[in-house]
Amino acid sequence: MTQKQDTVTILAIESSCDDTAAAVIKDSKILANIVASQTLHSEYGGVIPELAGRAHQQYILPVVQQALQKADINLNDLDAIAYTRGPGLMGSLLVGSHFAKGLAIALNKPTIGIHHLEAHVAAHYLQDQLPEFPFLCLLVSGGHTQILLVKDFLNMEIIGSTKDDAAGEAFDKTAKMLGLPYPGGPLVDQLAELGNANAFSFPKSKMEAYDYSFSGLKTSLLYFLKKQKETDPNFIESRLNDICASMRSTIVESLLSQFEKAAIDLNIKTVGIAGGVSANKLLRKEFEKMAQKHQWRSMIPAFEYCTDNAAMIAIAGHYKFINNELGSLNDLPFAR
Ligand code: KG4
Ligand code: ZN
């Protein structure tokens, strides 16, 4: 570590998908965390990359200005500018990385490129109590589902992952088949709270080791709905909450059974969840229950740090900065 931790002030920018976000971190404490979510995609049933890139261009300046104002930080007080360096949509990443680099040139400050998935895990370092390493993290987002063995702040190894759809995708596609708007995950979660999880039974995939698969579940819902609608055209409307509850519990059970197996095999005592799907109410509840059963320490990020945000980029940037892992203006907008 090259510098004392409490002297670092970083502006962070996140623009990997459809949220334009900026945060300011000082002394490893978040001073501002602003997110502008692009609602324009909902009418298309999914994120339109070209529109997302254009919307980031519109939002980025006001979002950064708001973050600096809320943090009461002057641009000259910054030590570095961190930005999401993939994975994500190319047009969206370009806006954040170019904005960060432009500002860095103007201020003569360094940039720090942050891996979006590592940042989701780094959301755990925003908690008052830091985790003990190694810990096992279930990373569940719209594009990824992984079990990560986290050995140090930003040093992690993938020990399991989905072979097809991500958990977030499974929720979003469920919503789409049920005629709900994008992004459907939060809505399916909300409706599931009112339904009976045992109403319908859907298949859970059986994968090798610690991997996942959700594409079969999606197909089974498709055929199930088709069959039910043949006898009752109003089936979806009349049983919406029960379908959501049954699908949600199938996805959550699949996520946890592989994760539990991995944690036991690796003799892990600290476990966490991260990424957009970690906002899911049932997953949070069942994860906590599983940890209690095994007397594991469980880490569940605050809601605002689960879905895409710049606070997680800021804390990852903080640890990279104190390790002197700075970026270059020649860095590509995405990590290889
Ligand atoms: O991490 P994130 O914000 O973006 C990516 O990096 O992909 O995750 C977004 C995903 C979407 O698929 C969204 O539907 C899902 O997280 N999500 C949820 C919930 N909140 C967000 N899925 C289930 N239950 C929720 N409460
Ligand atoms: Zn994300």
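Numbering of ligands and ligand atoms starts at 1, following listing order. Everything numeric in this text was worked out from a predicted model, so none of it was measured.
- The protein heavy-atom contact nearest to atom 2 (P) of ligand 1 is Asp308 OD1, 3.3 Å.
- Ser205 contributes a side-chain N or O that, together with a main-chain N or O of Ser213, makes up a donor-acceptor pair within less than 3.5 Å.
- The aromatic rings of Phe153 and Tyr319 lie parallel to each other, their planes meeting at an angle below 30°, with 60° marking the opposite boundary.
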Between Phe99 and His56, does a ring pair (Phe, Tyr, Trp, His ring centres under 6.0 Å) hold up when you go through it step by step?
CA-CA 10 Å; Phe99 188 92; His56 281 303; over 10 Å; no
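- Contacts of Asp172 with ligand 1, taken as heavy-atom pairs under 4.0 Å, involve the side chain alone.
- Salt bridge status for Glu253 with Lys204: present, with a side-chain N to carboxylate O gap under 4.0 Å.
- Of all the atoms in ligand 1, the ones that sit under 4.0 Å from a non-hydrogen atom of Gly143 are 7 (O).
- By the criterion of a heavy-atom distance under 4.0 Å, neither the backbone nor the side chain of His144 is placed next to ligand 1.
- Here the angle centred on the Zn ion (ligand 2), running from OD1 of Asp308 over to NE2 of His120, is 100°, rounded to 10°.
- Scanning all protein heavy atoms for the shortest distance to atom 15 (C) of ligand 1 gives Val277 CG2, 3.9 Å.
- The proximity of His120 to ligand 1, defined as any non-hydrogen pair under 4.0 Å, is limited to the side chain.
- Under the 4.0 Å criterion applied to side-chain N and carboxylate O atoms, Glu193 and Arg248 are assigned as salt-bridge partners.
- In terms of protein heavy-atom proximity, atom 21 (C) of ligand 1 is closest to Gly276 O, 3.3 Å.
- Atoms of ligand 1 found under 4.0 Å from any heavy atom of Gly168, numbered from 1 in the order shown, are 12 (O).
- Every atom of ligand 1 with a heavy atom of Gly185 under 4.0 Å away is listed here by number and element: 14 (O), 18 (C), 19 (C), 22 (N), 23 (C), 24 (N), 25 (C).
- Taking distance alone, with nitrogen or oxygen atoms compared against 3.5 Å, Phe171 stays at or beyond that limit from ligand 1.
- Taking only nitrogen or oxygen atoms, main chain and side chain alike, Pro183 does not reach within less than 3.5 Å of ligand 1.
- Residue Gly142 has at least one heavy-atom neighbour below 4.0 Å for each of these atoms of ligand 1: 5 (C), 7 (O), 8 (O), 9 (C), 10 (C), 12 (O).
- Using a cut-off of 2.8 Å, one finds that His144 contributes no N/O/S atom close to the Zn ion (ligand 2).
- Annotation: cation-pi geometry satisfied between Arg284 and Phe303 (NZ/CZ under 6.0 angstrom from ring centroid, within 45° of ring axis).
- Each of the atoms 6 (O) of ligand 1 lies under 4.0 Å from some heavy atom of His116.
- Salt bridge status for Glu288 with Lys285: absent, with no side-chain N to carboxylate O gap under 4.0 Å.
- Scanning all protein heavy atoms for the shortest distance to atom 24 (N) of ligand 1 gives Asn280 ND2, 2.9 Å.
- Residue Thr307 has no nitrogen or oxygen atom sitting less than 3.5 Å from a nitrogen or oxygen atom of ligand 1, judged on distance alone.
- Annotation: atom 26 (N) of ligand 1 to nearest protein heavy atom, Asp189 OD2, 3.0 Å.
- For His116, the N/O/S atom at the shortest distance from the Zn ion (ligand 2) is named NE2.
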